[in-house]
Amino acid sequence: ALGRVEVAAYFQRFDEAETLYREMDRRDLAIDLRRRLGDWFRVVQLVQGAAGGGDDEQLRTAWDEIGSFYADRQKFDKAAQYYRQSKNTQQLINCHARLGDYEAMRSLVDELPEDASLLLVLAVQQARAGKAGFSSLQYLSKVCASRLPRATRAGQCAHLSVRASQ
């Protein structure tokens, strides 16, 4: 049976190969086939269609790749949806910056983990766009000071404070 799958894949009959994998109850190999092909939309379908749920890490990777697919095509609103699902905050910040959605960027502050060095990325993105006024940078500076570890806090948050006072 595996020989039939290999022949189908060799002749680029990927749907047939996937079907054969699923008939052999080898959903993992069907997912791996689609992953190697870069068919992330199908990977999501296969993982979510699994009885009892799917592998969260595979879903997160697939959503991240779909987000990159849309970002490469300058469709940042769609990319942001998938980056949010994959919990890729760095890319989500970049999408919101490209869209000019600074309110959405600011709302991410409360969602960032406790050791959020991404606060600095968020502040820099807003400052580059000229959308971060004194109060916004001051707010980010305070949040930064309360969340970053003591070792990194001093220099990085001081930079935000200086930027806020300019």
Given side chain to side chain contact (heavy atoms under 4.5 Å, CB included), test Thr61 with Arg35 step by step and report yes or no.
-> CA-CA 10 Å; Thr61 300; Arg35 185 187 54 76; 5.9 Å; no
Arg34 vs Phe14, side chain to side chain contact (heavy atoms under 4.5 Å, CB included): CA-CA, chis, key distance, verdict | CA-CA 8 Å; Arg34 292 302 180 172; Phe14 302 116; 4.1 Å; yes
Would you please test Gln81 and Arg84 for side-chain hydrogen bond (donor to acceptor under 3.5 Å, both in side chains) and show each step?
-> CA-CA 5 Å; Gln81 293 172 9; Arg84 179 172 296 284; over 6 Å; no
Are Arg27 and Asp25 close enough, and set up right, to give a salt bridge (Lys or Arg N to Asp or Glu O under 4.0 Å), and what steps lead you there?
-> CA-CA 6 Å; Arg27 186 183 58 85; Asp25 201 26; over 6 Å; no
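Put simply, CG on Asp56 and NZ on Lys87 are 8.5 Å apart, with the number rounded to the nearest 0.5 Å. Rounded to the nearest 0.5 Å, atoms NE2 (His96) and CG (Asp77) are 10.5 Å apart.
Ring centroids of Phe41 and Phe69 are separated by less than 6.0 Å, placing the two rings close together.
Partner of Tyr21 under the side chain to side chain contact (heavy atoms under 4.5 Å, CB included) criterion, chosen from Asp32, Ile31, Leu2: Leu2.
Under the 4.5 Å side-chain heavy-atom criterion for grouping Ile, Leu, Val, Met, Phe, Trp and Tyr, Met24 is connected to Leu20 within one hydrophobic cluster. The cluster map of Ile, Leu, Val, Met, Phe, Trp and Tyr, joined by side-chain heavy atoms under 4.5 Å apart, puts Leu59 and Ile66 in the same cluster. Cluster membership for Phe76 and Tyr83, using ILVMFWY side-chain heavy atoms within less than 4.5 angstrom, is not shared. Following chains of ILVMFWY side-chain contacts shorter than 4.5 Å, one cannot reach Leu33 starting from Val47, and the two form parts of different hydrophobic clusters. Side-chain heavy atoms closer than 4.5 Å link hydrophobic residues (I, L, V, M, F, W, Y) into clusters, and following such links, possibly through other members, connects Val44 to Tyr70.
In plain terms, the two heavy atoms of Ala9 and Ala17 that are nearest each other are N-CB, 4.2 Å. When all heavy atoms are compared, the tightest approach of Ala71 to Ala79 is N-CB, 3.7 Å. Across every non-hydrogen atom of Leu92 and Ala80, the tightest pair is CD1-O, 3.4 Å.
No salt bridge links Asp55 with Arg60; every basic N to acidic carboxylate O contact stays at or beyond 4.0 Å.
Applying the 6.0 Å contact sphere to CZ of Arg13 captures more than 12 heavy atoms from other residues, nucleotides or ligands. Within a 6.0 Å radius of CZ in Arg22, more than 12 heavy atoms belonging to other residues, nucleotides or ligands are found.
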